[in-house]
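From a predicted model like this one, the values you see are computed outputs, not experimental measurements. All values below were derived from every heavy atom in this structure, side-chain atoms included, with hydrogens, water molecules and symmetry-related copies excluded.
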Amino acid sequence: MHHANHFYGHAHVLARYCGLGDRHPPRINGYVQHGWNIGDGLAPGHPYVERTPSLLWSEQTRRRAWAVGRRNVVVTGAPFAYLLALRPPEPEPVEREGTIWYPFHGWEGQHVKGDHRELIARIRDTEPGPVTVCLYWHEYGMRRVRRLYERAGFRVICHGYRGHWWRDTDPLFLDKQLTELRRHQRVASNRLTSAIFYGIAAGCEPAVYGDPMVLADEDPTFGGTARIRRQWPELHGESVDLPTAVEIARAELGTDHRCAPAELRELLGWAHLQENDVDD
């Protein structure tokens, strides 16, 4: 299995949806898009075997992949869309309060440069209720950054470790994220990212504002933040039209392309597996 298929527990969510239980997921026959992006669905720099199937979130991404010469691509919808099917809202949902804010983050290979103090001031001036700041594991592990948000009076959390090279993946990463999103009225970030689309799908009012910060050696191939702001202006600002946001999120997450369990097992190469065939 391509190691990125494990990121954020994606393979675990898909295995649960396919009826294969909570144990270690079997090998996926293909590359599962692991985050929202404006390219062909593949993360720049990740090793990729030519003609390996690409299992993409949306029809828009499939068209972009086809335009750059990718073939053997299929739209399956985002793993988060399958999690929503596994965990429909409770009959009596938790009362939502405040904002969950996702500062743009780096990772092992690239660090983010920006003024967190300036961002904190903008958040405090903008958000009407209590704020939960969710730091990516990379910044959460930086005591200096974490303390800035804690000292501002924000509740500071982390959904868990994404995983890397098949190690230390938190299989409940997305579950934790969905639980937190459903507790908040708003979801916000300084860049349009997967978390914003997840928040919209989970019933939050979205906002994208503040300094987008700079990612070291950011790949400009598909147009970067300038293109994102041009193509999705409706999702930027301190207040966003919710019906419009819901429609866009549904398309970007490929919710309408979500497969039935039997169809998904076929696409992932799991057609002949049963739960007792999966190793611990």
Side-chain angles (χ1 to χ4, degrees), residues 8-9 35-36 80 83-84 87-107 112 114-162 170 172-213 228 232 234-246 248-249 252-253:
Y8 309 108
W36 181 78
F80 194 82
L83 181 62
L84 291 174
R87 291 183 50 189
E90 297 291 336
E92 297 184 8
V94 175
E95 185 175 352
R96 294 175 181 263
E97 183 182 29
T99 302
I100 183 166
W101 226 99
Y102 289 89
F104 181 61
H105 63 80
W107 62 289
V112 165
D115 190 336
H116 288 279
R117 289 183 176 87
E118 180 181 322
L119 186 59
I120 287 168
R122 183 74 182 275
I123 294 170
R124 295 176 79 169
D125 287 344
T126 304
E127 297 306 325
V131 174
T132 295
V133 170
C134 183
L135 295 176
Y136 196 57
W137 64 268
H138 190 65
E139 283 72 24
Y140 190 82
M142 298 177 181
R143 188 171 182 271
R144 178 187 60 83
V145 173
R146 189 175 71 248
R147 290 297 298 275
L148 285 174
Y149 289 97
E150 291 172 343
R151 287 170 177 164
F154 302 147
R155 172 177 173 249
V156 180
I157 65 170
C158 178
H159 294 321
Y161 183 49
R162 176 201 67 188
D170 186 340
L172 296 178
F173 188 106
L174 286 188
D175 283 271
K176 294 174 184 177
Q177 186 166 17
L178 178 57
T179 296
E180 286 290 344
L181 288 168
R182 284 176 169 167
R183 290 174 177 169
H184 292 83
Q185 187 70 31
R186 283 166 56 86
V187 60
S189 180
N190 48 337
R191 288 206 191 191
L192 185 58
T193 62
S194 303
I196 294 294
F197 291 113
Y198 294 168
I200 296 168
C204 298
E205 302 166 6
V208 179
Y209 63 88
D211 177 9
M213 300 189 176
I228 291 173
W232 291 276
E234 308 94 333
L235 297 181
H236 289 79
E238 296 174 1
S239 180
V240 172
D241 181 70
L242 186 57
T244 300
V246 169
I248 295 173
E252 294 299 323
L253 295 177

Assess the side chains of Glu127 and Thr99: does a donor N or O sit below 3.5 Å from an acceptor N or O?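 Yes, side-chain donor-acceptor contact under 3.5 Å.
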
When you compare the side chains of Thr179 and Arg87, does any donor N or O come within less than 3.5 Å of an acceptor on the partner?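 There is such a pair between these side chains.
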
By salt bridge (charged side-chain N to carboxylate O under 4.0 Å, His left out) - contacts of [X] (at least two apart):
X: Arg122; answer: Glu238
X: Arg155; answer: Glu180
X: Arg182; answer: none

Set of ring-ring contact (aromatic ring centres under 6.0 Å, His included) partners for [X], sequence neighbours left out:
X: His184; answer: none
X: Tyr102; answer: His159
X: Phe154; answer: none

Atom [atom1] in [X], atom [atom2] in [Y]: separation rounded to 0.5 Å?
X: Tyr198; Y: Ile100; atom1: OH; atom2: CD1; value: 13.5 Å
X: Phe173; Y: Trp137; atom1: CZ; atom2: CH2; value: 10.5 Å
X: Ile200; Y: Ile248; atom1: CD1; atom2: CD1; value: 7.5 Å
X: Cys134; Y: Ile157; atom1: SG; atom2: CD1; value: 4.5 Å

Please evaluate residues Val133 and Leu135 with respect to the criterion side chain to side chain contact (heavy atoms under 4.5 Å, CB included), reporting the C-alpha separation (whole Å), side-chain torsions for both, the decisive distance (0.1 Å), and the verdict. CA-CA 6 Å; Val133 170; Leu135 295 176; 3.9 Å; yes

Side chain to side chain contact (heavy atoms under 4.5 Å, CB included) for Ile120 and Leu148? Distances and angles first, verdict last. CA-CA 8 Å; Ile120 287 168; Leu148 285 174; 4.0 Å; yes

For side chain to side chain contact (heavy atoms under 4.5 Å, CB included), just list the numbers for Tyr149 and Val131, CA-CA rounded to whole Å, side-chain angles, deciding distance to a tenth of an Å, and then say yes or no. CA-CA 10 Å; Tyr149 289 97; Val131 174; over 6 Å; no

Do [X] and [Y] have side chains that get closer than 4.5 Å, going by heavy atoms?
X: Trp101; Y: Leu119; result: yes
X: Asp175; Y: Leu178; result: no
X: His116; Y: Met213; result: yes
X: Asp211; Y: Phe104; result: no
X: Glu139; Y: Cys158; result: no
X: Ile196; Y: Pro206; result: yes
X: Trp232; Y: Val208; result: no

Would you please name every residue forming a side-chain hydrogen bond (donor to acceptor under 3.5 Å, both in side chains) with Asp170, sequence neighbours left out?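 Once residues adjacent in sequence are excluded, the partners of Asp170 under the side-chain hydrogen bond (donor to acceptor under 3.5 Å, both in side chains) criterion are Lys176.
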
Taking only residues two or more places apart in sequence, or in another chain, which ones meet Tyr140 in a side-chain hydrogen bond (donor to acceptor under 3.5 Å, both in side chains)?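 If we apply the side-chain hydrogen bond (donor to acceptor under 3.5 Å, both in side chains) test to Tyr140, skipping adjacent residues, there are no hits.
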
Which heavy atom in Gly237 sits nearest to a heavy atom in Val240, and how many Å separate them?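 So the two residues come closest at O-CG2, 4.0 Å.
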
Report the C-alpha distance between Leu253 and Trp36 in whole Å, list the side-chain angles of each, state the deciding distance to 0.1 Å, and finish with yes or no for side chain to side chain contact (heavy atoms under 4.5 Å, CB included). CA-CA 8 Å; Leu253 295 177; Trp36 181 78; 6.0 Å; no

Who are the side chain to side chain contact (heavy atoms under 4.5 Å, CB included) partners of [X], not counting sequence neighbours?
X: Arg151; answer: Arg147
X: Glu97; answer: Pro130
X: Ser239; answer: none
X: Glu205; answer: Gln185, Arg186, Leu242

Name the orientation class of the two ring planes belonging to Tyr8 and Tyr136 (parallel below 30°, tilted from 30 to 60°, perpendicular beyond 60°).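 Rings of Tyr8 and Tyr136: tilted, as their planes differ by 30° to 60°.
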
